Every structure is written in structure tokens, then in C-alpha cells.
Amino acid sequence: MLDIEDGPSPKKHRRNSKAVDAVAAAERRKQIDAERRQLPAWAARDKLLQLLQEHRTLVLVGETGSGKTTQIPQLLLSARFGSIAASDKFISQNAGEVGPSDDVKSPYEGAGVVDRDGVFRSAVNHEGRTQFNHHTSTGSDVNGVSDHGGPEQQTGIRSVGGSGGSRVYGGAIAVTQPRRVAAMTVARRVAEEMGTKLGDKVGYAIRFEDVTSSSTRIKYMTDGLLLREALVDPMLSRYRVVIIDEAHERTVHTDVLFGLLKGVQVRRGDDFRLIVMSATLDTARFVDYFPGAVAALIRGRQFPVRVMYTAKPEDNYLDAAINATLQVHSDEGEGDILVFLTGQDEIDSAERLLKEHLAALQGSRGASSSGCRELLVLPIYAALPPEQQMKVFEPAPEGQRKAILATNIAETSITIPGVRYVIDTGHVKARDYNAKLGLESLAVVPVSQAQARQRSGRAGREGPGKAFRLYTEADFAVLEPTTPPEITRCNLGSVVLQLKAMGIHDVLGFDFMDPPPRAAILRSLELLYALGALDATGCLTEEVGRRLSRLPVDPMFGRVLLAATEMGCGQEAVAVVAMVSTENVFHTPRQKEREWRAARLKFISREGDHLTLLNVFRGFRELPKESNKARTAWCSDNFINIRAMRKAEDIYEQLVRFLGPPSPPGLGLQLATCGEDSTPLRRALTAGLFPHAAKLQPDGSYRVLATGRQVFLHPSSVLLDRKPDCLVFNELMHTTRTYARDAVAIEARWLPELAPAAFAVKSAAAIAGAGVGTSGGSR
DNA sequence: GGGTTAGGGT
């Protein structure tokens, strides 16, 4: 044991405190060890390993609280899937001590009544023991794992040119997450569980941060980052196992990875293992997609959530939400209320209405009413400044209850402690993309059943909860089962460019799990051709295409950067591109419109939004980087979102690293400055954004030159009261009308000069293999 | 003349 007795006294003292630390650490390890064994994933480990030995793809359903994300990678490592000796201290210490899985299964036995949609309506607790209830579902349950899913398709694996040949592959385990915070926090936890330093055996990598080393065996990372790695290393040769976690979220990145991984599997054969982890039960899609895949279930640990529906449809969900909040507040026991609304505006007005109601109630009851606790109304959405966001995480003061009015940020991205009641309006503001029109839209639509379940589940994180769905059970039944994958409803410019850069020529034939609309792919090919990233045969061009694929920005903005380096305004262009790659720079609360408008005045450039954003960036950069206080105050005073600014700064620095240095990954380009002359910058913007060039019409609207479409300048644009004759804009967004957002004034005569390919008619409609056409024509 | 869900990038 620990020797705390020898040595001279000063040293002894040090050793003593060290020893105390060591004892504390040992205690902590013991506790962590105990916690691990409580996890359903722990109980499942033998079965899981067996499955993984027999199958190259495992589709693992691990419900909330199953411990899949932290435990499965460690399990693989201990079984040498991560090519590390099993002498790993923690594992060897414990490997022999584990009893039969059934021994550790019992603590989770409990009972819950699960209805058809898999949501608890009520639960029966076993006397004195059950705190946790798990979803039960299909099939029998052995050691917490049950095989389910479709018939195995072992024959589906084809070996092409021998499985892997003599290629020696690396042995690390990659675990992808859709969000950076998740990658960081899970890595930290697992490092602690394994008793190693973060960045040693366990690490993480996200866009601006790489906390890994040559000894890293388990690497948590964002899915987008793994996709980036695939660009350089298409066989993902550093990894013996890739785990795609939260696969049910179906991000664009996971969906592209699926297709790539399928190819990797074919080529690497038995040398490679894929685990697709999902929190929802619909594994059939995954099992059908990956040849030879087998599905398994690890039960979760969630408190029961009782789901309630309205008896009749509500004609105004906002009013209904306010009434429901007040009703829960007056009728239900302790616990905070989480209300799902669709957007900032709606949240602002709900907040106002709720407060009015509360004030009226207070008034009618008189100040002496003591039976009624206070209700603290707190908004949360992504654009809210961090200091206001933080308020939802603070526990409500004694005798008060929080009502949190949230967008879907509270569905997955953040977990708010104390929530026992969820109010689901059944609506969400969702982005969609019309490929034929090249038009994004943002509209309030009904949620999917999966989304409704996710929302309800937020009530059962800390104790039994209740979910109030502001629609009828019949209405729930006719909702879409799941939200369509994002890849089927977004602009594919970057995706197509990445695929091309990875040597996938036939993008239309790429094996997507859910193929995007053909029109969306064609449109992206056209755009990339117009930008000069693809040649007439649909192949990546070296001078433009290859370089654009390396830049972590939208291809149009990448083109702006390349042009800017030639036009002597690289510095400014990098700043502008960094700023437009960031959402929500300006905080524009409705109640304080006069204030934020006044604050914005000093940044406004008459030439457009890009130059206005540049002024903001310059202003921010003048503040000392190390003075958080000064920066926070400046942002707060100017109604500017500090998170957005930090992100813009990170992107700025990353882009400078990519563009400037002479050797790879640097492109060795000159980043000169154009000072106060905006012309070079506006010309560079034109060189990349010309597919979005528009001309003023007599009625004050604009006409997009490439498509002939009528659009309106977005009311947030600084050009709204100036209306230049010609402009380029970042994107079109359809809400109440079709709006052009982020516009800059240009000269019409620049267009044929800077974008001859697009503004001279060309017939490239049937270009080899890829159906590349022209983007627009001259007018 | 009038308005922006949430994520993510070697």
C-alpha cells in the first residue's frame, strides 16, 4: 500500500499531501469502478464481444443511460480490438473480478409500462429498490443484450482484391460524436475511468483542438473531423474500429461516413470493425444497409415519463403552451418545466405573455398569498448571449420553479437540470432545401414521432416526469415516424466536393443510405463547375477544386478566398469569410430594438453586410485577446454575440494557417491587405458569389441573374435603405417571402470579367459521368 | 419595407 512514513519532514509533508491525494484518487477510482459496473453496457460486455468477433458490423441500440458511449470503446480495448496489450492496468485489475453478468443485472430490474410508441406512461416501482426503469422492447433479453433486427446477411461481404492485402492498418478506435462538447466530455470521463491522462491512451479531436498523441488508442472526435481525415486517408488506416455514435441523428457527416465506411469494409475485410450506435430502436435501416450487420440492444436507464395528450386539437399552440405552463405550475409537484417552442421570436412573446399572466394572478391574489410558489421564466436559444443562457442551469431559488422556454437546443445539445415536466407544442422550425430553386426555407412544421419522444424523454433525466403533448394522440399517430435525414434537405456543395476529392467520381451513384434528391446533386455539380472546381468532364481541377476541398468553408467562400489572394485582399477576405461562416453575430432582441440599432450604427458600411461584418471583426480584434472582461463588455455593449465572435476568430486563424504557409497543408498564398479600399474585396466576393448575383428591379425587389428569380433584400441587411443596382448575396432563404441574406454592392460589369464561365453561355449539360451543366447564363 | 431551428469542418 502507500508508504507515507519515511523521508525528512518537509518532504514528508509533501509526500503526505501527495499520499492524501493518492488516497483520494484511489477512492475516486473505486467509486468510478463501482459506477461502471452499474451500467447496463457493463453487464452486456461478454455478449457484445462475442458478437463483434463474429460480425464485422454491429448495430448497437443503447438507450439513454446505458453507458454505451463510455464503455464500449474500453471494452474493445481490453479485448485487443484497439491493439493494445491487455495489461492495461484498470482492465487487468478488474478482469478477473467480474462475476457472471446476471449478478450485475439485477439492480436494473424494474418495471415500467411502455406503450406502443415506447414511452412510459406509468411505472411500478419494486419496493425499496427500483429507482430506475428501463424501456423494455422487442425480443428476449440476455445479459442485457438481445439479438434483434433482420436476418444476418453474412454473404453480403465481398472481398475485393483480397481483404486488405499486405497493408498494415493502425489499431486505434475512433468514436464519432455529432457535437464537440460530447467528444470532449466523454473523452475526459473515459480517461478518468481508465486512470490515464487525457490525450494519452484516451483523447479527443475536434475542429480547433487535438488532444491526442501517438499513444492514443481511443479517440473521441466529431463526425465532421473523421470525414476530413478520410479526405487524406480514405481507408481510415489509423483505425481498427470506427464507432459512429448517435447515428440516429443522421447528420450530413454521419451519412457520408456511412457510404465511405461501407467501402472501407469491403476493402479492409476482417481487419476492420464498424459499430453503429443509436439511441432509437429502428435498427432495420442500418442492418439492411451494412452487409452482414447484426443488431443488439442494451437497455437504458431512464426514469419513467408519463405522456399526456390533449383531448382536442389546439388551434393555437402558443396560447396552449402558456396555459399548460400555468396549469402545471399550479397543479403539479416540484420540478422545473421545459417548454419546447420554435424560435426566438416566439420565445420572446411567450415570455412576455407568461409574465403578464403571472403578474395578473399575483395581483388578483394579493401579495399575501403564500401557497403559490413563484415561477421563474427563462428563455434559452442558441443566439442568446452566454451569460443569459447560463441562467437556465442555475437551480431555482428555494420556493421557486423554473419555466424554461426553449428551442430544440434543449432536445439534444443541452441538458437542463431539475426538469420534471415537458410541454411539447409539437412544432419545430425546420430548414429545408429546394434543389430545383436552389432555395433554402425555414418553416414551422410538425415534429416527428421520434422528436416528440426525444422531447418527452427530457422529463425523465432526474426522476419520474410528465410530458404534456399539446396535440391529440390521434395527431401523434399520423406524425412522420422520424425526421428526414439532413442530407436529403440541404445544399450539397461541400459534400459533392469532398466526395470528388476522395476520388468518388460517380457522385450520383454513391451508395447513400438515403440518397439526396438527384436535383440537389446535379445542382451542386453545376455550381462546382461554375466555380472552376470541376472541369467539363466532372473531374476535380487541381488549381481550384483540390484547393477548395482543403478549405473548411463552403465552396463559394473558398473561391472568394482564392480570388482574394490574387486581388491583394486576402486578410480582409479571410475575416469576412470567417464572419459569414458564423451565425448570429448580432443579438437583436425585439424589446431593445432601438438600443441594438444604435449600437450597430457604428459598424455599418454603406457597401454592404460583408463590410459591416468586417468592421465588427476589426473592432473585436482590437481588444486584447487575453482580456475576457474587455471583450465580454464590448460585445454586450454592442449587442454582439461573443460566442459567434470567438468562433469567427478561430475560423480566421485556421484559415490563415491553411492559406498562408508554403508547405502542405498550407497553400502558400499571399494574404495581403487592401486597407480601406473596399473594391478589391468586393471583387473577390463577386468572384465566389457570382451565382448569387442580383440586379435591382423598378419595384425595389431584385432579380437573381442566374435563375431569373425574384427575391427581396432581407430586412436585416444594411443595404435595405440604399438598394444598389447590383449585388451578390450569401444565401436565399424563404420564410414569408424569398429573401437574400448578407448582401454586398458590386458593379455589374465585373461579372463577365470575374465569372466568364458562368456568364457566357455554355452547353455542358451532359458532361461525362456526372451530368455537369452550366450554372445560369448571361443576361 | 420588415425578420434567423439546431448542429458541424485536415
Side-chain angles (χ1 to χ4, degrees), chain A residues 176-183 205-210 221-233 246 249-257 340-348 380-384 406-414 427-432 440-445 447 451 454 483 486-487 490 494-495 497-498 501-502 549-555 557-558 581-590 593 641 644 647 650-651 654-655 657-658 664-667 699-701 712-717 719-721 723 731 733-737 739 741-742:
Chain A
T176 71
Q177 298 291 324
R179 282 166 293 280
R180 299 154 40 134
V181 200
I206 59 179
R207 185 171 183 181
F208 304 114
E209 227 183 319
D210 186 350
M221 62 205 299
T222 46
D223 49 14
L225 196 66
L226 184 62
L227 194 53
R228 278 278 149 184
E229 285 189 2
L231 199 59
V232 185
D233 175 18
E246 312 292 358
E249 290 192 25
R250 302 290 305 273
T251 69
V252 175
H253 296 143
T254 29
D255 269 26
V256 176
L257 281 170
F340 284 101
L341 296 163
T342 67
Q344 180 176 340
D345 250 19
E346 201 172 275
I347 288 174
D348 287 351
I380 179 119
Y381 43 84
L384 200 67
T407 60
N408 45 357
I409 192 174
E411 259 174 35
T412 48
S413 302
I414 62 164
H427 287 82
V428 64
K429 200 175 274 189
R431 203 183 255 268
D432 205 351
E440 288 182 290
S441 61
L442 207 50
V444 174
V445 295
V447 295
Q451 214 171 354
Q454 175 69 27
T483 310
E486 195 186 358
I487 200 160
C490 73
S494 287
V495 168
L497 182 64
Q498 298 305 307
M502 285 185 276
S549 76
R550 302 286 152 144
L551 293 173
V553 294
D554 183 275
F557 293 129
S581 304
T582 314
E583 293 284 299
N584 302 319
V585 170
F586 295 105
H587 183 51
T588 59
R590 191 167 269 186
E593 177 156 350
N641 187 327
K647 185 177 172 188
D650 283 339
I651 297 175
Q654 188 186 34
L655 287 173
R657 282 200 301 278
F658 274 124
L667 298 176
D699 66 355
S701 69
F712 297 86
L713 204 50
H714 195 277
S716 66
S717 176
L719 292 179
L720 198 70
D721 46 16
K723 298 266 180 81
E731 61 175 358
M733 173 69 66
H734 189 86
T735 50
T736 50
R737 292 203 290 188
Y739 289 110
R741 280 171 49 179
D742 292 327

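Predicted model only: the values in this text are computed from it and were never measured. The chains referred to below are lettered A, B, ... by the order of the sequence lines, with proteins before strands, and numbering in each begins at 1. Both backbone and side-chain heavy atoms feed into the values below; hydrogens, waters and symmetry mates do not.
No engagement by A/Leu713 is indicated, since no non-hydrogen atom pair under 4.0 Å with the nucleic acid exists. Among the atoms of the strands shown, base atoms are found under 4.0 Å from some heavy atom of A/Val232. Nucleic acid contact class of A/Arg207 (heavy atoms, under 4.0 Å, all strands): base. Using a 4.0 Å heavy-atom criterion, one finds that A/Val553 contacts the bases of the nucleic acid, with or without backbone contacts as well. Contact annotation for A/Thr588: base contact, defined as any heavy-atom pair under 4.0 Å involving a base atom. At the heavy-atom level, A/Glu593 lies under 4.0 Å from base atoms of the strands shown. In this structure, A/Phe208 reaches neither bases nor backbone, as no heavy-atom distance under 4.0 Å exists between it and the strands shown. Counting any heavy atom pair closer than 4.0 Å across all strands shown, A/Ile409 reaches sugar-phosphate atoms only and no base atom. Contacts of A/Ala382 with the nucleic acid, taken as non-hydrogen atoms under 4.0 Å apart, involve only primed sugar atoms and P, OP1 or OP2. Note on A/Glu249: nothing from the nucleic acid sits closer than 4.0 angstrom, heavy atoms only.
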Requested in this report: Just do the side-chain contact (heavy atoms from CB on, under 4.5 Å) check on A/Arg207 and A/Thr222 with the steps written out, would you?
Outcome: CA-CA 8 Å; A/Arg207 185 171 183 181; A/Thr222 46; 5.9 Å; no
Requested in this report: Evaluate the criterion side-chain contact (heavy atoms from CB on, under 4.5 Å) for residue pair A/Phe658 and A/Arg550; output intermediate values, then yes/no.
Outcome: CA-CA 8 Å; A/Phe658 274 124; A/Arg550 302 286 152 144; 5.6 Å; no
Requested in this report: Please assess A/Thr251 against A/His253 for the test side chain to side chain donor-acceptor pair (under 3.5 Å), listing each intermediate value before the final yes or no.
Outcome: CA-CA 5 Å; A/Thr251 69; A/His253 296 143; 4.9 Å; no
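For the OP1/OP2 pair of B/dG3 and a distance below 4.0 Å, the side-chain nitrogens and oxygens of A/Ser716 include no atom meeting the criterion. Proximity of A/Thr736 to the phosphate of B/dG3: a side-chain N or O atom is located under 4.0 Å from OP1 or OP2. Phosphate proximity of B/dA6 to A/Thr412: absent, as no side-chain N or O sits under 4.0 Å from OP1 or OP2.
Distances were taken from every side-chain heavy atom of A/Tyr739 (C-beta onward) to each of B/dG7, B/dT5, B/dG3; the shortest belongs to B/dG3. Distances were taken from every side-chain heavy atom of A/Gln654 (C-beta onward) to each of B/dT10, B/dT4, B/dA6; the shortest belongs to B/dT10. Side chain of A/Pro715, nearest nucleotide from B/dG9, B/dG2, B/dA6: B/dG2. Distance from the side chain of A/Gln344 is smallest for B/dT5 among the nucleotides B/dG9, B/dT5, B/dT10. Of the listed nucleotides (B/dT4, B/dA6, B/dG8), B/dT4 has the atom at the smallest distance from the side chain of A/Thr735. Nearest nucleotide to the A/Arg228 side chain, out of B/dG7, B/dT5, B/dT10: B/dT10.
Atom CD of A/Glu346 sits about 13.5 Å away from atom CZ of A/Phe340, to the nearest 0.5 Å. Taken from CD in A/Glu229 to OG1 in A/Thr176, the straight-line distance is 11.5 Å, to the nearest 0.5 Å.
A salt bridge is absent between A/Glu440 and A/Arg741; no separation between the charged side-chain nitrogens and carboxylate oxygens falls under 4.0 Å.
A donor-acceptor contact under 3.5 Å is formed by the side chain of A/Arg741 with the base of B/dT4.
We find that the ring of A/Tyr381 and the base of B/dT5 do not stack by the test of centres under 5.5 angstrom and planes tilted less than 30°.
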